[in-house]
Amino acid sequence: MQQSNPTVLASKAYDVEDFAAAQELYHGRGWTDGLPVVPPTESAVAACLEWASMPPDQLIGIEPVREQPITAEKLAINAVMAGCLPMHFPVVATAWQAMLKKEFLLHGLTSSTGGSAILVIINGPIRHEIGANSTFNALANSDRATAAIGRALRLSLINLLDVRPGGIDRTTLGHPGKFSYCVAEDEEDTTWQPLSVVCGIPAGLSAVTVMGALAPRQIMNEWSTDPREILETFAAEMRANQRHYSIYGGNYAIVIPKQLREPIQAAGWSKRDIAEFLYERARVRRGEWADVGKGAVVRDRGETVHTALTSPDDLLVVAAGGPAGGFGAVIPPWFGGKAKAVTAAIGACVDCERG
Amino acid sequence: MIIRVLDPTNEISIAAGQPAARPTTLQGKTVGFISNGKEGTKPYFAELERRFREELGVAHVVWRTKSNFSAPANPSIVDEIKAWQAVVAGVGD
């Protein structure tokens with residue numbers, strides 16, 4: 001029987017006595033997020049690379065500001081530490097390819113005092129292959145795959161770009177999404193196009209969307225089935241974010257679970273209709289800042305109108321969440337339009353020219 | 001049982017840039033201030049300009065503002081630096 005060549009890894013290796021010693025090694029060197037990690041053994045890391053058909057030295061990309069190269073081997077080590085199975089690794093690698101696009105401004109949103117996390121939204125058939133759950137507890141620890149994939153991004157930021165508190169990460173507060181912030185869209189229980197398709201990825205392909213995102217702001221409206229009334233609640237939360245956090249427009253994600261999704265769909269509203277409605281309704285006058293203690297920066301521009309979205313294209317509408325409850329979530333951007341959400345197909349070259 | 005585990009860090013160090021030669025005096029010199037665009041830079045740089053002029057004899061102060069506070073300075077600003085003898089880049093949060 002022919003033997004395949006074993007994957008040869010270049011990373012420095014350490015011999016430890018046992019699992020507990022491995023934890024002390026990684027925590028002691030600042031290589032964790034504070035939680036225990038899965039020891040990244042050569043075999044586990046090689047399995048990730050082999051699953052994705054990536055040689056260890058494959059360049060995933062270069063961080064544009066600090067010019068740090070990111071290789072497949074180093075990402076795989078961090079993915080294993082986060083709890084990823086080999087089948088999760090293509091999602092992690094593709095998310096990183098998207099994060100390294102210049103318009104994502106990875107350095108800015110990971111170093112800012114503003115404290116965003118990287119929200120990952122998964123679309124396509126890979127959701128089923130990895131066992132992602134798009135329903136109950138969709139924005140939190142809903143399943144193994146999304147929990148581990150989101151965590152892998154954070155661990156790799158810590159270890160590959162020094163995005164650790166007090167290092168490159170200068171965040172004042174942060175939010176719990178910095179442990180893991182990953183959701184899979186519930187494509188089967190909606191009439192809407194998947195987010196990836198809205199963002200230009202051909203239907204049927206798996207894809208990830210990444211966005212520099214603040215914590216989710218939960219809304220509730222169990223008392224209407226009128227799409228306009230339901231979406232007014234989302235618009236109000238977006239306006240609240242403009243008043244209390246940042247007035248400037250950029251990508252917002254909204255997550256609409258089944259109970260609020262169904263009446264909107266039944267009325268024939270598409271994701272585009274939602275985006276156009278919220279583009280019109282989620283806007284504030286600069287003068288409103290004076291109502292919330294920020295009068296000092298209103299100056300003579302009190303009548304200037306700021307939209308939460310710079311255009312309807314800025315809105316990421318995600319169908320996800322448990323089957324019951326008139327809840328939804330507004331996920332604001334890190335800071336207006338400084339950084340752009342990026343969508344990339346899994347298994348496709350994001351930098352390749354079309355033939 | 002011994003477990004062999006791997007280093008998760010980049011294990012590479014990017015060569016750091018070399019600092020420019022330090023001026024021995026700012027008397028009669030031109031100093032550039034590069035603001036990241038945040039409000040806090042305005043009073044900070046204003047006070048700094050006053051002190052530079054009054055206490056150090058700086059002849060000219062050029063103020064420039066980045067278009068994105070979390071991105072590197074615009075190339076047009078970087079091009080101007082060669083005409084200055086010193087630069088102050090402030091965060092201003």
Side-chain angles (χ1 to χ4, degrees), chain A residues 9-19 21-22 25-26 29-32 37-45 64-71 73-78 80-81 102 105 107-114 155-156 158-162 170 172 296-297 334-335 337-339, chain B residues 1-20 32-50 61-82 84 86-93:
Chain A
L9 303 174
S11 295
K12 185 175 181 180
Y14 298 84
D15 289 335
V16 293
E17 291 287 334
D18 52 21
F19 179 87
L25 173 70
Y26 283 75
R29 291 179 180 244
W31 291 346
T32 79
V37 295
V38 175
T41 61
E42 291 175 332
S43 60
V45 172
V65 173
R66 296 166 59 219
E67 299 180 336
Q68 293 274 359
I70 305 297
T71 64
E73 176 175 336
K74 289 300 184 181
L75 275 192
I77 293 171
N78 283 278
V80 169
M81 289 167 61
K102 189 174 182 183
L105 197 57
H107 178 71
L109 66 90
T110 54
S111 60
S112 170
T113 50
L155 285 176
S156 46
I158 291 171
N159 289 318
L160 302 183
L161 293 178
D162 192 28
R170 315 300 292 181
T172 308
V297 285
W334 155 56
F335 191 85
K338 298 286 186 192
Chain B
M1 186 186 73
I2 297 293
I3 308 173
R4 175 160 290 186
V5 294
L6 298 173
D7 187 331
T9 68
N10 245 344
E11 294 188 69
I12 54 170
S13 56
I14 303 294
Q18 295 299 311
F33 289 171
I34 300 177
S35 163
N36 63 6
K38 292 207 171 185
E39 288 289 314
T41 60
K42 294 175 183 173
Y44 176 74
F45 281 151
E47 173 64 11
L48 209 56
E49 176 171 357
R50 185 189 68 76
V61 174
V62 180
W63 288 48
R64 292 291 180 267
T65 302
K66 297 200 301 181
S67 60
N68 185 334
F69 52 68
S70 291
N74 309 53
S76 60
I77 297 175
V78 175
D79 284 345
E80 284 189 80
I81 292 175
K82 62 176 74 74
W84 309 335
V87 177
V88 177
V91 172
D93 255 328

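Please read all numbers here as calculations on a predicted model, not as lab measurements. Residue numbers start from 1 in every chain, and the chains themselves are labelled A, B, ... in the order their sequence lines are given, proteins ahead of strands.
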Proximity breakdown for Val37(A) and chain B, heavy-atom pairs closer than 4.5 Å: neither
Contact check, side chains of Leu6(B) and Val80(A), non-hydrogen atoms, under 4.5 Å: no
More than 12 heavy atoms from other groups under 6.0 Å of CD on Glu11(B): yes
Toward chain B, the part of Ser111(A) with a non-hydrogen atom under 4.5 Å: neither
Engaged part of Glu67(A) at the chain B interface, taking heavy atoms whose separation is under 4.5 Å: backbone
Which atoms of Val16(A) approach chain B - backbone, side chain, both or neither, heavy atom under 4.5 Å: both
For Asp7(B), all residues meeting salt bridge (Lys or Arg N to Asp or Glu O under 4.0 Å), sequence neighbours excluded: none
Residue part contacting chain B, namely of Asp15(A), when any heavy atom lies under 4.5 Å: both
Chain B contacts, top residue of Pro40(A), Ala44(A), Ala22(A) (heavy-atom pairs, under 4.5 Å): Pro40(A)
CZ-CG distance between Arg4(B) and Leu9(A), expressed to the nearest 0.5 angstrom: 11.5 Å
Any side-chain heavy-atom pair of Pro69(A) and Ile12(B) under 4.5 Å: yes
Contact origin within Leu25(A) toward chain B - heavy atom pairs under 4.5 Å: side chain
Closest contact, heavy atoms only, Pro39(A) versus Val5(B): CB-CG1, 3.7 Å
Those residues that, when tested against Glu47(B), pass salt bridge (Lys or Arg N to Asp or Glu O under 4.0 Å) (two or more places apart): Arg50(B), Arg51(B)
Heavy-atom closest contact (Ser67(B) atom, Lys338(A) atom, distance): O-NZ, 3.3 Å
Top contributor to chain B interface from Trp31(A), Phe19(A), Phe335(A) [non-hydrogen pairs under 4.5 Å]: Trp31(A)
Pairwise distance CG(Leu160(A)) to CG(Asn10(B)) - rounded to 0.5 angstrom: 5.0 Å
Which atom of Leu105(A) lies closest to which atom of Ala71(B), heavy atoms considered: CD1-CB, 3.9 Å
